[in-house]
Trainee: 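I'd like to ask you about the structure that follows.
Just so it is clear, the values below take in all heavy atoms, side chains as well, and ignore hydrogens, waters and symmetry mates. Per chain, numbering begins at 1; letters A, B, ... match sequence-line order.
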Amino acid sequence: MAEALQNTPPMLPPDMARPAEEKAVSPWREAWRSFRKNKLAIVGLSIVAFFILLAIFAPLIAPYDYDAQKLPNKNLAPSAEHWFGTDEFGRDILTRIIYGARISLWVGFLSVAGSVVVGSALGIIAGYYGRWVDAVISRIFDILLAFPSILLAIAVVSVLGPSLKNALIAIAIINVPTFGRLLRSRVLSVKEEEYITAAKAIGMKDSRILLHHILPNSLAPIIVTGTLAVATAIIEAAALGFLGLGAQAPTPEWGKMLADSRNYIIEAPWTVLFPGLAIMLTVLGFNLMGDGLRDALDPRMKN
Amino acid sequence: MTQPLVKVENLKMHFPIKGGVLGKTVGAVKAVDGVSFFINKGETLGLVGESGCGKSTTGRALLRLLDPTDGKIFFEGRDITELSTGEMRKMRREMQMVFQDPFASLNPRHTVEKILEEPLIVHGVKDKAERKRRVKELLEVVGLNSWHAKRYPHQFSGGQRQRIGIARALAVNPKLIIADEPVSALDVSIQSQVLNLLQDLQKEYDLTYLFIAHDLGVVRHISDRVGVMYLGNIVELADSEELYDQPMHPYTQALLSAVPIPDVEHKKERVILQGDVPSPSNPPKGCPFHTRCPQAMDTCASVKPVLQEIQPGHYVACHLYE
Amino acid sequence: MFAYTIRRLASLVPVLLGMVFIVFMMIRAIPGNPAQLILGQQATERAVAALTKELGLDQPWHTQFWAYFTGLFKGDLGVSLKTNTPIAEEIWPYLAATIELSLAAMLIAVVIGVNAGIVSAWFQNSWFDYCAMVLALVGVSMPIFWLGLMEQYIVAIQWDLLPTTGRDNIRDSVDPVTHLYLIDTLLNGRFDQFIEVIKHLILPGIALGTIPMAIIARMTRSSMLEVMRSDYIRTARAKGMRMFWVVYKHSLKNALIPVVTVIGLQIGLLLGGAILTETIFGWPGIGSYIYEAISYRDYPVIQSGILVVAVIFVLINLAVDLLYAAIDPRIKYK
Amino acid sequence: MGSPVIEVKQLHTSFMTDDGEIPVVSGIDFHINPGEVLGIVGESGCGKSVTSLSVMGLVPSPNGKVRGEILFKGENLASASEKRMRQIRGNEIAMIFQEPMTSLNPVFTIGEQLIESLRIHRKWNKKQAMARAVEMLKLVGLPRAEELVKEYPHQLSGGMRQRVMIAMAMICDPTLLIADEPTTALDVTIQAQILELMKKLNKETDTAIMMITHDLGVVAEMCERVVVMYAGKIVEEGDVKTIFQNPKHPYTVGLIQSVPDMREKKERLYSIPGNVPKPGSVNYGCHFAPRCEHAMPQCISDTPALKAFENGQQVRCWLYEDGKGAEANDTAIS
Amino acid sequence: GCSEGGGKEGGSSKGGTMIYGRGGDSVALDPAVVTDGESFIVTEQIFENLVQYGKDNTEIEAGLAKKWEISEDGLTYTFHLEEGIKFHDGTDFNADAVVENFKRWSTSKDEAKFAYYPSMFGGFEGDEGHVIKEVKAVDKKTVEFTLTRPQAPFLKNIAMSPFAIASPKAFADGDKFAKNPVGTGPFKFKSWKPNDTIELTANEDYWKKGLPKLGGVKFKVIKDNAARLNAVTKGEIDLMDGLNPSDLGKVKDNNKLQVFERPSMNVGYFGFNTEKAPFDKKEVRQAISHLINKQELIDNFYAGTAEPAKNPMPPSIGGYNDAIQDYEYNVDKAKELLKKAGYEKGFKMDLWAMPVARPYMPDGQKVGEAIQASLKQVGIEAKIVTFEWGTYLEKVQAGEAPTFMLGWTGDNGDADNFLYTLLDKDTIGSNNYARYNNEEVHKLLIEAQQLSNEDERNELYKKAQEIIHEDAPWVPLVHSKPQLVGASSVKGFVPHPTGSQSFVDVSID
Ligand SMILES: Nc1ncnc2c1ncn2[C@@H]1O[C@H](COP(=O)(O)OP(=O)(O)OP(=O)(O)O)[C@@H](O)[C@H]1O
Ligand SMILES: Nc1ncnc2c1ncn2[C@@H]1O[C@H](COP(=O)(O)OP(=O)(O)OP(=O)(O)O)[C@@H](O)[C@H]1O
Ligand SMILES: [Mg+2]
Ligand SMILES: [Mg+2]
């Protein structure tokens with residue numbers, strides 16, 4: 001009967017009898033394929049890649065030292081020597097923006113990584129154990145989500161003291177419920193999926209189901225949400241920096257650069273313009289990429 | 001007669017409904033409300049009924065994927081409702097399931113090889129080469145090629161996916177397969193391929209099937225005996241030939257007459273039922289079918305008829321036959 | 001519906017309790033003695049000790065918490081350390097300022113966002129769609145503090161079109177009645193001031209409204225696209241209905257359901273974003289009230305301020321939930 | 001019988017996708033006479049729904065392209081303006097869809113949705129239209145019609161909703177009713193009710209019906225003539241009796257053979273090997289050739305034409321080009 | 001026409017209302033209980049003292065008392081009061097009122113509330129160090145103060161804003177008074193919109209005829225410096241303080257604006273915790289003193305509106321030692337000194353930077369950043385640390401900061417208020433943040449407190465400054481001259497070194 005299914009008539013043109021060559025196309029490959037077709041997503045990826053490269057090779061690319069002061073060179077307008085001008089300490093803004101990419105990406109990735117780990121763990125516990133564990137954890141998420149996020153971050157930083165590290169922790173904390181809820185709902189919904197029933201039906205243990213089925217199938221939404229969360233985290237870090245609650249001098253953090261130059265907006269608008277543009281561009285990059293990933297990874301779009 | 005492979009006694013599965021200010025249980029969906037039947041070794045029991053009548057729930061309860069509210073399920077004489085979770089897990093290699101939606105029941109992130117390997121791993125086949133060999137064998141048994149092993153479910157057609165589902169069920173050499181509408185999602189031309197496959201496998205491996213479907217033609221084709229469900233109850237259970245030729249329960253009669261026959265010559269008496277199936281959360285008192293029954297009597301509204309053997313092997317739950 | 005409302009309210013109780021507790025504990029954890037701050041640099045040690053005692057700050061935390069907690073039930077939000085005024089009395093003008101600003105921002109965001117989303121979905125893949133969605137993406141990525149500064153620099157300073165800061169003209173300030181200036185000016189019969197107040201609202205309103213606007217536009221678009229693919233829209237079209245009505249009647253009401261959630265969530269973002277916007281535009285709102293209280297260690301103000309904002313946020317989300325029922329009859333709350 | 005209500009000639013519909021232009025319907029011809037019920041059968045994805053949408057002018061633009069002639073009472077709909085199409089839709093040609101669950105807008109009452117066609121095409125006032133709506137609901141056998149118009153779709157069962165859909169389609173007395181798998185989603189007992197109702201309406205109002213289904217039983221029960229589609233092409237056409245008793249195309253034969261019969265138990269079902277091709281994947285010769293037992297080299301290289309027989313039956317198969325047909329057919333059936 | 005708007009409301013023939021823009025709101029309007037400048041700037045308009053400072057210096061002039069006598073031993077002060085003065089609430093100002101006021105402060109024992117009194121007069125009644133033995137009304141217009149011991153700056157003390165005379169009837173009301181101040185000053189309290197505006201109107205019955213010239217004053221809070229400047233530029237307000245030094249050039253170019261410079265009575269400094277290694281080594285402190293280029297700091301962060309400081313007190317104050325030679329900016333010398341101290345390779349340290357703007361330090365963070373860069377030249381890695389202002393003060397006070405930035409604005413224009421308050425061993429744990437402990441300096445300062453001869457006192461202070469210079473517990477950075485901006489129509493405004501001044505003579509054209 002296997003033959004019945006495969007009764008390819010002998011005289012078929014060669015391209016009909018070729019299915020054997022079709023390679024395994026994993027869902028990830030498939031996603032990458034559709035991601036690649038999305039122009040905006042590629043723009044986003046390029047922007048992100050660009051900033052990542054800047055961050056990695058900052059010492060090689062940057063024309064000056066990010067903290068080399070030359071007070072007499074205060075607020076010079078953009079020129080051949082200083083493409084983006086200088087700030088009030090006579091430091092090269094371009095250099096500081098290049099180094100700033102390190103800070104922003106670092107905060108973005110690390111804080112999101114933190115939230116993903118903590119949030120996912122809590123979310124899985126809540127979703128898996130249910131009952132009062134779920135009730136308690138979910139209430140904690142509710143409470144955390146009930147605060148406007150910046151406000152919560154400010155409060156956390158006030159407790160811990162202003163510094164880049166603490167800003168990072170604050171941002172990680174405010175994102176925990178996002179991932180917690182995501183994972184919880186993934187666990188709850190994946191639990192209902194037929195293939196999980198199938199896994200149970202073959203006598204699989206819960207732990208294996210969690211590890212081999214639920215987690216891998218939650219990865220895609222985590223990646224999408226994570227990418228978008230990096231974008232928000234970067235903005236939030238910059239906002240904290242802007243309020244003086246984030247990175248401290250002479251760290252070239254973009255938000256802080258903005259705040260420091262605020263008073264010179266009339267006299268030296270470039271000092272405000274470029275850091276802001278850098279923030280926006282990076283965040284845009286992550287958002288574009290996140291959108292593209294969502295389109296590529298969202299199973300609803302697949303047929 | 002030897003002992004049946006499966007024996008179900010008064011199986012009940014009620015799902016609580018939460019509501020009210022405090023989210024308390026305010027009622028129950030009586031998805032399965034006291035069902036009894038048995039399946040002999042090597043035979044196919046068909047289960048038909050309209051949507052929501054509790055067919056799938058019965059199937060799942062049988063595998064203890066749901067914990068029955070009440071009732072007993074004997075598998076080879078052992079009451080599996082009393083097994084611990086661990087024991088039940090071991091028991092699962094004896095009984096397997098094939099699902100309606102061939103796509104949803106396959107993990108989209110696993111290759112076919114992984115899907116088929118998993119039951120082997122779970123049931124302790126340690127040797128990797130041995131597992132690979134088994135996978136290849138399984139694929140061939142269900143009419144796929146071994147080069148399909150590296151592919152992902154989305155690269156298959158519906159019929160092929162269903163074959164993978166069947167292969168997975170076969171992987172642990174089960175005695176019983178519960179097939180929950182395995183062909184409903186398939187095209188007619190593919191449906192017949194899968195039905196044939198199931199029949200072939202049954203012969204070859206001496207399998208027992210509980211075959212759930214709503215297509216009466218399919219059920220007749222594949223089943224030795226057929227049970228008709230309505231609102232969580234079996235209203236009639238008989239040999240397939242007998243049930244189709246001489247349906248006794250008014251619901252069965254109406255059901256059979258409602259099916260359009262692909263034959264222009266065929267003329268028949270139509271019994272058209274009025275209204276819809278009542279909600280299982282609020283089933284009618286007495287006979288669950290009395291609200292739509294063309295032959296309803298007074299007693300039907302108050303007394304729930306029990307399933308009785310009216311003729312040898314022909315069980316009906318209806319006051320007309322008392 | 002009633003039972004549902006009650007149930008939702010009841011489920012808020014632990015959240016609110018948790019919020020009170022967390023805020024309280026967090027504030028206590030902030031290092032620094034408010035007494036020192038109140039008295040300033042020139043104060044002697046003894047003075048600081050005396051004030052600490054007077055403020056009850058030397059009490060154990062649970063005593064302080066209990067006092068605060070029981071006070072809340074009597075509508076007592078505590079007394080500001082800085083102004084020595086009951087917070088319940090002084091918070092309203094700030095709240096009103098923020099409400100006015102948020103409403104302005106929300107109005108801008110909803111009107112522009114929803115319509116841009118609809119038109120983009122209707123003419124999917126048109127140049128309008130592309131422009132609107134690229135703009136929306138830029139909008140979502142906008143650091144609002146930067147946007148605010150740029151607005152100020154370009155519109156207010158370079159072009160001198162609109163005022164840079166504040167809620168009203170300093171020389172001719174509004175006599176507060178409700179503290180919602182748009183209403184007050186009308187109550188006072190001062191239409192010229194009304195216009196002035198609107199002028200002051202535009203820039204901060206845009207700064208604050210941009211992100212929600214972008215998010216709403218995107219959400220509306222994707223929700224509309226999904227709805228417009230649905231069977232019942234095909235049914236409506238099969239009746240020979242004009243596309244305009246298909247879009248604005250049949251699609252919109254359905255598409256709005258997720259959009260309403262997003263709008264609800266955006267309000268939280270607005271309340272947070274208000275801190276930044278208010279700092280930049282010198283807006284005397286709740287955001288700057290709290291922010292200043294933080295630098296002043298005005299414990300009662302910080303904790304009550306954060307609490308009030310969070311409660312408002314929670315209640316708005318409750319309202320949004322209940323609003324669904326009005327839009328979507330499928331949600332039967334019983 | 002007079003001239004046909006609708007006559008479709010060489011209809012081609014294709015979609016632009018990421019993989020290029022995919023033909024979904026490739027050159028089909030059929031007609032429906034007044035009062036006639038034409039069945040269109042075929043497996044999933046063969047282009048049945050797209051055909052019906054093409055007739056309605058509802059193929060999603062701009063991706064979908066329709067070519068060919070659709071003559072409705074002599075007027076070519078394929079080239080009619082959108083405005084003209086709106087006048088026809090819901091008025092002269094009405095449609096009911098497969099999914100009664102999703103084809104009604106969940107946020108409007110049954111009444112509101114029912115009267116829309118009347119308001120659009122007849123410009124009736126609300127009251128008048130509502131009265132007619134109630135009348136229609138009674139006509140399709142729904143109880144409590146007066147209350148029903150005030151209820152929302154989710155409050156109705158599937159069967160009731162499908163009746164509402166029928167009432168909605170019939171409300172303007174269309175000349176042609178297109179029913180796209182109207183009973184597929186329903187249980188057999190409910191399906192029987194709906195089919196009975198459609199038969200009744202067809203008799204009473206003399207509306208022509210284009211009945212799309214994949215269930216041969218439904219065809220046998222309802223239709224006078226049948227069109228069998230496979231992969232975007234018509235492979236066989238004829239009146240019901242002929243098709244069931246003397247199918248000629250191997251696909252039709254296989255289709256009829258592979259359905260398990262409720263009346264008698266066969267030892268083994270006939271089955272057509274292989275899978276239904278994805279649209280666009282087979283674009284040479286006879287589309288069925290890869291699965292056909294009788295395939296000849298010619299089948300792969302050249303596309304057969306529809307060959308008409310005296311009894312009105314038409315078949316698209318090389319087997320019948322030179323009289324070999326009868327013999328091949330016998331082997332297939334035996 | 002900036003002055004329209006206000007004319008009508010003033011309700012008098014007087015000039016218009018002047019709008020004064022500032023960065024923060026007052027805390028309360030009872031001068032006796034507040035400590036912040038934003039409060040004094042308002043109370044200065046409403047209240048008057050027995051004696052007052054000169055217009056632009058801290059010399060003593062007649063106030064509510066037209067003349068006074070001091071006994072030989074310096075223990076008795078007799079004040080003769082002006083007659084016919086009424087408080088804004090209509091009650092009479094007289095000797096009893098003065099007695100009541102001093103009684104209110106001295107008997108309160110509430111250090112949390114009346115913070116200034118005990119710190120200026122050695123405690124409350126009954127306390128050991130309390131200076132004022134008795135205040136007695138000799139008759140309706142004569143008040144006699146008896147001191148327990150001579151206090152050199154006594155007159156300067158009672159001229160301070162906190163010791164303004166209020167209506168006894170009004171403060172008897174208790175807490176309400178702080179929001180409804182009643183004094184004898186040129187302006188009366190009208191209304192207060194918290195965090196927004198405080199409105200005062202001219203006192204029609206003011207005892208100095210023809211004054212005030214303005215019809216009223218409005219204090220408007222505009223937090224952001226740039227926004228405030230923008231408001232003056234646009235004519236929305238008439239006068240503002242807290243100009244960003246960086247904006248000075250722009251203001252000077254604008255002929256519709258004028259700049260006022262407040263004479264300096266402050267010092268901004270970079271201090272060392274002299275108890276903490278390595279800053280317990282004089283060489284290290286001196287080395288760092290050589291590393292800081294004060295002029296560059298002033299050019300960049302004060303827009304030149306400050307003078308470099310070499311002493312812990314400003315030159316305007318009696319006893320200033322101008323003979324001292326400042327440590328010149330010299331990296332090599334610094335290196336040498338460090339080598340001597342054993343820190344050739346530099347070291348790591350925390351640099352505590354001020355989180356808030358103060359007149360003497362408009363942007364502590366940035367100055368800190370600049371110092372950080374300077375230190376790097378000799379391998380000292382400084383990490384900038386910052387806390388909220390209150391915490392900052394508290395922690396610095398507790399000696400937690402190894403190095404820190406701070407400053408001081410004189411209260412009464414006396415050298416004691418700088419040297420003793422900031423650098424005496426008695427004040428370690430309070431304002432001696434450097435925890436500088438020098439027995440010799442202590443002796444000099446205590447001796448000076450007891451002397452009433454100005455010249456002798458000054459000599460002692462000069463001596464002390466020399467020792468302090470050598471020990472270098474701080475790097476004195478600047479004496480800043482805070483800048484104010486007004487519309488060119490503002491006339492008669494003279495900024496006072498203490499930071500608050502009466503607008504009694506101000507007018508708007
Ligand atoms: N987990 C559950 N919780 C609550 N109710 C349930 C649950 N599972 C099933 N039900 C209800 O039980 C009833 C029977 O469901 P079941 O799936 O067994 O029906 P079925 O006969 O398989 O129908 P179908 O033909 O649609 O598959 C239905 O009314 C269903 O809504
Ligand atoms: N908008 C579209 N864009 C691209 N392809 C489409 C579109 N609509 C339909 N198709 C394709 O056209 C083919 C025919 O679809 P159609 O809906 O007509 O099938 P059908 O015969 O009605 O099947 P079913 O029985 O499943 O309803 C399908 O393969 C489908 O994927
Ligand atoms: Mg089922
Ligand atoms: Mg279809």
Trainee: D:Glu99, D:Gln113, D:Met85, D:Met95: which one forms the most heavy-atom pairs within less than 4.5 Å of chain C?
Mentor: D:Gln113

Trainee: How long is the gap from NZ on C:Lys239 to CZ on D:Arg86, to the nearest 0.5 Å?
Mentor: 15.0 Å

Trainee: Can C:Lys249 and D:Glu116 be counted as an ion pair, charged N to O under 4.0 angstrom?
Mentor: yes

Trainee: Which atoms of D:Ile120 are under 4.5 Å from chain C, going by heavy atoms: the side chain, the backbone, both sets, or neither?
Mentor: side chain

Trainee: Please tell me if the side chains of D:Pro106 and C:Asn254 come closer than 4.5 Å, counting only heavy atoms from C-beta onward.
Mentor: yes

Trainee: How long is the span from the CZ atom in C:Arg237 to the CG atom in D:Leu53, to the nearest 0.5 Å?
Mentor: 10.0 Å

Trainee: Look at C:Arg242, C:Met243, C:Arg234 and state which one has the largest set of heavy-atom pairs under 4.5 Å with chain D.
Mentor: C:Arg234

Trainee: Quick check for you: to the nearest 0.5 Å, what is the distance between C:Trp245 atom CH2 and D:Arg119 atom CZ?
Mentor: 10.5 Å

Trainee: Rounded to the nearest 0.5 Å, how far does NE2 of C:His250 lie from CD of D:Glu112?
Mentor: 8.5 Å

Trainee: Count the heavy atoms of every other residue, nucleotide or ligand shown that sit under 6.0 Å from OH of C:Tyr130, and state whether that count exceeds 12.
Mentor: no

Trainee: Any sub-3.5 Å donor-acceptor pair from D:Ser103's side-chain atoms to C:Asp231's backbone N or O?
Mentor: no

Trainee: As an exercise, state the distance from CG of D:Asn105 to CD1 of C:Ile233, rounded to the nearest 0.5 Å.
Mentor: 6.0 Å

